[in-house]
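Count residues from 1 along the sequence. Hydrogens, waters and symmetry mates are skipped; everything else that's a heavy atom, side chains included, is used.
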Amino acid sequence: MNTQQMEKIKTGKGFLAALDQSGGSTPKALAEYGVPEEAYASEEEMFDLVHEMRTRIMKSSAFHSDKILGAILFEKTMDRKIDGDYTADYLANKKGIVPFLKVDKGLADEKDGVQLMKPIDHLDETLKRANERHIFGTKMRSVIKEANQEGIHKVVEQQFEMGKTIIGAGLVPIIEPEVDIHSADKEAIEHQLKEELLTHLNMLRDDERVMLKLTIPSKDRFYQELVDHDRVVRVVVLSGGYSRDEANKKLKRNQGLIASFSRALSQDLHADQTESEFTHALQTAVDSIYDASVNKTQ
């Protein structure tokens, strides 16, 4: 494990950029960027276009370690290059940004009010390649829609089971049990989820560390116990469907939480923008998300 990168993620000022849209969400991400489905005829062409979009973001002068601590990549992005370097090496060496990898394979059908992760086939092989590509940590997402204790227990249990395998490979797992922001049970879910997370964190060995990626809680500072837990490297939050302005407003009220935004980061970026327009739009997003992550209201 890279101790310099660990210290940066643990104590640095900034946020994580989520650039990890995968096969299922890529057409939507491209459409929002201004690239319609008729612009590509195959999956490979689609991934070429999304890599061009991500490359444009990562090469921008607005995308820098002054305000961005890390970036979460999709597997195909990890295996591609930017200016002759594998993406993770480009981020680490040219930008000073810590690379993470999304390792989950999507969501299973809803059961017991939750969507568990689909089986992660060949995880050991992926982790071996991640180490070869100089990846620091991983991310995997589940979704909770109802305050169903059994379902929430299964989500957290599955996340930590996979997390321990990832720790064993020398990487830091980001455990992401997303709470649906539209759930009528959102606050009740968060109470049950926090208890499950604390239980599983307390079961980790002293030398086992994880990160958490959570939905911004309904009650301000509700996750402070998780932020302060000695097995937790950092707690980051997703925008989860909130607009950037709304997500930033909620994030500013939560000490210790930093952003890991995807759509909220890229929502104003378009394929037909000039480089000047693109840089300005990205810089505006980066500045506002950084401010919400670092400068908190009382």
Which residues share a side-chain hydrogen bond (donor to acceptor under 3.5 Å, both in side chains) with Thr11, sequence neighbours left out:
Glu7
Which heavy-atom pair separates Ser293 from Leu251 by the least distance, and what is that distance?
OG-CD2, 3.7 Å
Under the side-chain contact (heavy atoms from CB on, under 4.5 Å) criterion, do Gln283 and Phe63 qualify, and how do the steps go?
CA-CA 8 Å; Gln283 188 68 65; Phe63 198 85; over 6 Å; no
Applying side-chain contact (heavy atoms from CB on, under 4.5 Å) to Ala31 and not counting sequence neighbours gives none
What residues, two or more places apart in sequence or in another chain, satisfy side-chain hydrogen bond (donor to acceptor under 3.5 Å, both in side chains) together with Lys111?
none
Identify every side-chain donor-acceptor pair in residues 167-180 under 3.5 Å, counting partners at least two apart or on other chains, and give the distances.
residue, atom, partner, partner atom, Å
Glu176, OE1, Lys139, NZ, 3.0
Glu178, OE1, Arg141, NE, 2.7
Glu178, OE1, Arg141, NH2, 3.2
Asp180, OD1, His182, N, 2.9

For Glu208, what residues pass the salt bridge (charged side-chain N to carboxylate O under 4.0 Å, His left out) criterion, not counting sequence neighbours?
Lys164, Arg205
Tell me the closest heavy-atom pair linking Leu212 and Leu197, and the distance in Å.
CD2-CD2, 4.2 Å
Regarding Arg263 and Glu32, does a basic nitrogen lie under 4.0 Å from an acidic carboxylate oxygen?
no
I would like to know whether Lys154 and Glu150 meet side-chain contact (heavy atoms from CB on, under 4.5 Å); could you show each step before the answer?
CA-CA 6 Å; Lys154 286 178 180 175; Glu150 185 179 352; 3.3 Å; yes
With sequence neighbours left out, what residues match Ile181 under side-chain contact (heavy atoms from CB on, under 4.5 Å)?
Lys186, Thr215, Tyr242
Answer whether the closest heavy-atom distance between the side chains of Ile166 and Val103 falls below 4.5 Å.
yes
In this structure, would Ile258 and Ile9 fall into the same cluster of hydrophobic residues linked by side-chain contacts under 4.5 Å?
yes
As a quick check of understanding, evaluate ring pair (Phe, Tyr, Trp, His ring centres under 6.0 Å) for Tyr40 and Phe47, giving each step before the final call.
CA-CA 9 Å; Tyr40 46 90; Phe47 285 125; 9.3 Å; no
Flag if over 12 foreign heavy atoms under 6.0 Å of CG, Asp121:
yes
With Asp220 via side-chain contact (heavy atoms from CB on, under 4.5 Å) - residues at least two apart
Arg253, Asn254
Would you say Met211 and Leu16 make side-chain contact, with heavy atoms under 4.5 Å?
yes
Check for a donor-acceptor pair, side chain of Gln5 on one end and backbone N or O of Asn2 on the other, with a separation under 3.5 Å.
no
Show, in sequence, the C-alpha distance, side-chain angles and deciding distance for Asp228 and Tyr223, and conclude whether the side-chain contact (heavy atoms from CB on, under 4.5 Å) test is met.
CA-CA 9 Å; Asp228 296 337; Tyr223 288 138; over 6 Å; no
For Ile289 and Ala259 the tightest heavy-atom approach is CG2-CB, 3.4 Å
Should Lys67 and Asp287 count as an ion pair when the cut-off is N to O under 4.0 Å?
yes
Decide yes or no on salt bridge (Lys or Arg N to Asp or Glu O under 4.0 Å) for Asp79 and Arg129, but give the supporting numbers first.
CA-CA 9 Å; Asp79 289 330; Arg129 208 163 77 258; 2.9 Å; yes
Can you confirm whether Val155 sits close enough to Val114 that some side-chain heavy atom of one is under 4.5 Å from a side-chain heavy atom of the other?
yes
State, with a plain yes or no, whether a side-chain heavy atom of Asp48 is found less than 4.5 Å away from one of Glu44.
yes
Students should find that the hydrophobic cluster of Val143, defined by side-chain heavy atoms under 4.5 Å apart, otherwise consists of Leu107
Is any side-chain heavy atom of Met58 closer than 4.5 Å to one of Thr77?
yes
Flag the pair Arg133 and Asp89 as a salt bridge only when some basic side-chain nitrogen lies within less than 4.0 angstrom of an acidic carboxylate oxygen.
no
Heavy-atom check, side chain of His51 versus side chain of Thr87, under 4.5 Å
yes
Test side-chain hydrogen bond (donor to acceptor under 3.5 Å, both in side chains) on Ser183 and Lys145 and set out the steps.
CA-CA 6 Å; Ser183 172; Lys145 299 186 175 184; over 6 Å; no
Side chains of Lys252 and Thr297, donor plus acceptor under 3.5 Å
no
Between Lys105 and Glu75, does any side-chain N to carboxylate O distance fall below 4.0 Å?
yes
Please identify each residue that fulfils side-chain contact (heavy atoms from CB on, under 4.5 Å) with Ala29, with sequence neighbours left out.
Gln21
Could you pull out the closest heavy-atom pair between Ala41 and Glu45, with the gap in Å?
N-OE1, 2.8 Å
Asp268 and Arg244: CA distance, side-chain angles, deciding distance, salt bridge (Lys or Arg N to Asp or Glu O under 4.0 Å) verdict:
CA-CA 10 Å; Asp268 296 327; Arg244 184 168 67 235; 2.8 Å; yes
Can you list every ring pair (Phe, Tyr, Trp, His ring centres under 6.0 Å) pair that touches residues 88-146, not counting sequence neighbours?
Phe100-Phe136
Spell out, as yes or no, whether a donor-acceptor pair under 3.5 Å connects the side chain of Ser60 to the backbone of Arg56.
no
I need the minimum non-hydrogen distance between Asp85 and Lys94, along with the two atoms involved.
OD2-NZ, 2.9 Å
What one should report as the nearest heavy-atom pair of Ala147 and Ile152 is CA-CD1, 4.2 Å
Less than 6.0 Å separating the ring centroids of His270 and Phe278?
no
At what distance, to the nearest 0.5 angstrom, does OG of Ser239 lie from CG of Asp245?
12.0 Å
Would you say that Leu101 contacts Leu127 through its side chain, given a criterion of any heavy-atom pair below 4.5 Å between the two side chains?
no
Between Phe74 and Lys102, is there a cation-pi geometry (under 6.0 Å to ring centre, at most 45° from the normal)?
no
Could you walk me through whether Lys128 and Glu132 pass the salt bridge (Lys or Arg N to Asp or Glu O under 4.0 Å) test, one step at a time?
CA-CA 6 Å; Lys128 181 176 181 291; Glu132 291 169 353; 2.9 Å; yes
Please enumerate all residues that pass side-chain hydrogen bond (donor to acceptor under 3.5 Å, both in side chains) together with Asp272, with sequence neighbours excluded.
none
Verdict with supporting geometry, Arg221 and Lys296, side-chain contact (heavy atoms from CB on, under 4.5 Å):
CA-CA 11 Å; Arg221 304 193 183 187; Lys296 304 296 184 177; 5.9 Å; no
side-chain contact (heavy atoms from CB on, under 4.5 Å), paired with Phe15, selected from Leu257, Val286, Asp291:
Val286
Are the side chain of Asp185 and the backbone of Ala188 linked by a donor-acceptor contact shorter than 3.5 Å?
no
Indicate yes or no: at least one non-hydrogen side-chain atom of Val50 is less than 4.5 angstrom from one of Val35.
no
By side-chain hydrogen bond (donor to acceptor under 3.5 Å, both in side chains), which residues pair with Ser142, not counting sequence neighbours?
Gln159
